[in-house]
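Written below as structure tokens is the structure these notes are about.
Throughout, residue positions are numbered sequentially from 1 according to the sequence presented. Keep in mind it's a predicted model, so treat the numbers as computed, not measured.
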Amino acid sequence: MAAGAAAALTREGGEDAFRRLFRLYRQRDASDLRGVVDFSVPGSQVFRSQLSISSVSDQDASRAGLRPVSQWKAYGLNGYPGFIFIPNPFLPGCQRHWVKQCLKLYPQKPNVCNLDLHMAPEKTIDLWGQSKEQLRMKGASKREPRSLLEKLRWVTLGYHYNWDTKKYSANHHTPFPSDLAFLSEQVAAACGFQGFQAQAGILNYYHFDSSLGIHVDESELDHSRPLLSFSFGQSSIFLLGGRKREEAPTAMFMHSGDIMVMSGFSRLLYHAVPRVLPNPEGTTLPLCLDQALSSDLPVGSVIEHSSDEDWQVCAKYLQSSRINMTIRQVLAEGQKFPEESGTNTKGQAPSENSHHQEKSSAKRRKPNTDS
């Protein structure tokens with residue numbers, strides 16, 4: 001793929017301009033990625049965004065595993081008001097905590113995952129325990145059977161998204177993880193959204209053959225609150241479009257530790273992930289994940305030390321994978337769900353064979369693992 005081809009498609013617009021660019025970046029031989037925005041070397045489309053430094057104390061940032069907000073870099077994109085990109089603001093070693101939580105703790109019941117669709121409840125109680133030895137011993141052969149953790153595609157937290165009705169429900173809710181809520185509150189406050197409440201989360205688990213179809217996150221009842229996105233592991237290309245699919249998107253890299261905030265005008269824009277890429281450093285894992293956690297954690301820290309054994313399993317998983325956490329506030333303060341009759345409250349997802357393709361008209365997404 002030539003950079004000029006992507007630029008031409010971007011200028012072209014017209015019907016399904018987003019889908020055309022999605023397919024272009026989805027190609028496995030797309031080696032020329034010069035048209036992709038890289039926030040580690042910001043170009044002409046990028047400008048510095050102001051953060052609310054006084055809204056988050058250095059102590060609270062540290063308790064969430066983050067550097068002081070005064071040390072963060074934040075960027076906006078021309079033409080996308082309300083979009084904020086924060087390259088890895090995590091303290092050394094702290095990404096490991098969130099990776100471990102996404103693999104070991106958050107998939108546990110009562111949270112919901114894709115494996116619940118076709119496995120008996122007792123079979124999905126301890127995905128970590130059933131997978132860790134197999135993952136630790138895993139070689140490079142693609143013929144080896146996949147562990148249950150490698151079959152994990154999504155987990156829902158808090159208000160569980162119903163993939164059939166594309167709605168949340170008051171009747172299908174479990175406690176939101178307190179550590180993840182605290183992290184989300186600090187990031188939101190730093191971006192000017194004090195009082196943000198982390199009420200629902202969707203964790204997506206990607207491999208090198210995975211993608212995420214074109215969609216808009218519009219099911220939340222309160223769109224005045226931002227959507228927060230955290231990425232860990234291998235890199236990806238993220239496409240951010242407009243309010244209509246006819247508008248060609250802007251492509252950008254997301255690397256391990258990067259955070260995106262979609263708010264205001266950008267809160268309801270079409271977006272997608274056409275491709276997962278090896279990290280740009282050329283190492284098995286991004287170098288930021290090789291850093292060990294400080295032995296001296298602050299009082300009240302939500303970050304926990306990972307055992308060497310646990311991190312070994314996480315590291316093996318991340319050699320070919322990426323984890324993304326998207327956190328959202330569903331209801332405004334004092335807002336309630338509308339009364340609905342006959343609503344399915346089980347939070348069912350589409351069948352495993354109905355992967356969300358980029359040509360789907362569905363508004364909500366599910367990782368597509370078809371190569």
Side-chain touch [X]/[Y], heavy atoms, less than 4.5 angstrom:
X: Leu287; Y: Asn279; answer: no
X: Arg328; Y: Leu228; answer: no
X: Pro280; Y: His255; answer: yes
X: Val99; Y: Leu318; answer: yes
X: Leu157; Y: Leu203; answer: yes
X: Ser231; Y: Phe238; answer: no
X: Phe22; Y: Ser211; answer: yes
X: Leu293; Y: Ile303; answer: yes

For the residue pair [X] and [Y], confirm or rule out a side-chain donor-acceptor distance under 3.5 Å.
X: Gln108; Y: Asp126; value: no
X: Asp296; Y: Ser294; value: no
X: His160; Y: Thr174; value: yes
X: Tyr270; Y: Asp217; value: no

Measuring from atom [atom1] of [X] to atom [atom2] of [Y], what distance do you get when rounded to the nearest 0.5 angstrom?
X: Leu268; Y: His223; atom1: CG; atom2: NE2; value: 5.0 Å
X: Phe230; Y: Ile259; atom1: CZ; atom2: CD1; value: 4.5 Å
X: Met119; Y: Leu117; atom1: CE; atom2: CG; value: 11.0 Å
X: Leu285; Y: Ser256; atom1: CG; atom2: OG; value: 8.5 Å
X: Leu240; Y: Phe18; atom1: CG; atom2: CZ; value: 7.5 Å
X: Glu247; Y: Leu21; atom1: CD; atom2: CG; value: 13.5 Å

Taking the six-membered ring for Trp, are [X] and [Y] closer than 6.0 Å centroid to centroid?
X: Tyr75; Y: Phe85; result: no
X: His215; Y: His271; result: yes
X: Tyr168; Y: Phe337; result: no
X: Phe232; Y: Phe90; result: yes
X: Phe176; Y: Tyr159; result: no

What are the two closest non-hydrogen atoms of [X] and [Y], and how far apart are they?
X: Leu127; Y: Pro107; value: CD1-CB, 4.1 Å
X: Arg146; Y: Lys151; value: O-CE, 3.7 Å
X: Leu239; Y: Ala251; value: CD2-CB, 3.5 Å
X: Leu152; Y: Cys113; value: CD1-CB, 3.7 Å
X: Ala190; Y: Val56; value: N-CG2, 3.7 Å
X: Pro226; Y: Val261; value: CB-CG1, 3.8 Å

Check this for me: does any side-chain nitrogen of one of [X] and [Y] sit under 4.0 Å from a carboxylate oxygen of the other?
X: Lys100; Y: Glu304; result: yes
X: Glu333; Y: Arg225; result: no
X: Asp116; Y: Lys109; result: yes
X: Arg136; Y: Glu309; result: yes

Start with the C-alpha gap between Leu183 and Val302, add the side-chain angles, then the distance that decides, and say whether side-chain contact (heavy atoms from CB on, under 4.5 Å) holds. CA-CA 8 Å; Leu183 170 69; Val302 302; 5.8 Å; no
Heavy atoms from other residues, nucleotides or ligands near CG of Asp308 exceed 12 (cutoff 6.0 Å):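 Check fails, neighbour count at 12 or below.
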Within a 6.0 Å radius of atom CD on Gln50, are there more than 12 heavy atoms belonging to other residues, nucleotides or ligands?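 Open.
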Just by modelled atom types, is the [Y] backbone N or O under 3.5 Å from a matching donor or acceptor in the [X] side chain?
X: Ser62; Y: Asp58; value: no
X: Glu150; Y: Ser147; value: yes
X: Thr124; Y: Pro121; value: yes
X: Ser263; Y: Gly82; value: yes
X: Gln101; Y: Trp98; value: no
X: Asp258; Y: Asn88; value: yes
X: Gln234; Y: Val276; value: no
X: Trp72; Y: Arg67; value: yes
X: Arg243; Y: Phe265; value: yes
X: Asp60; Y: Ala64; value: no

Does [X] belong to the same Ile/Leu/Val/Met/Phe/Trp/Tyr cluster as [Y], with side-chain heavy atoms less than 4.5 Å apart forming each link?
X: Trp311; Y: Ile323; answer: yes
X: Phe83; Y: Leu269; answer: yes
X: Leu297; Y: Leu105; answer: yes
X: Leu103; Y: Leu289; answer: yes
X: Ile86; Y: Leu91; answer: no

Apply side-chain hydrogen bond (donor to acceptor under 3.5 Å, both in side chains) to residues Arg153 and His207 and explain how you reach the verdict. CA-CA 9 Å; Arg153 291 294 172 262; His207 306 299; 3.1 Å; yes
Tell me whether the guanidinium CZ or amine NZ of Arg322 lies under 6.0 angstrom from the six-membered ring centre of Tyr206 and within 45° of its axis.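 Flagged: Arg322 positioned over aromatic ring of Tyr206.
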Hey, mind stepping through Leu135 and Gln312 against side-chain contact (heavy atoms from CB on, under 4.5 Å) and telling me if it holds? CA-CA 9 Å; Leu135 261 175; Gln312 220 175 34; over 6 Å; no
The test is side-chain hydrogen bond (donor to acceptor under 3.5 Å, both in side chains); show your working for Thr156 and Asn111 and say whether it passes. CA-CA 6 Å; Thr156 55; Asn111 299 329; over 6 Å; no
Thr250 vs Tyr80, test: side-chain hydrogen bond (donor to acceptor under 3.5 Å, both in side chains). Steps then yes/no. CA-CA 10 Å; Thr250 295; Tyr80 297 94; 2.9 Å; yes
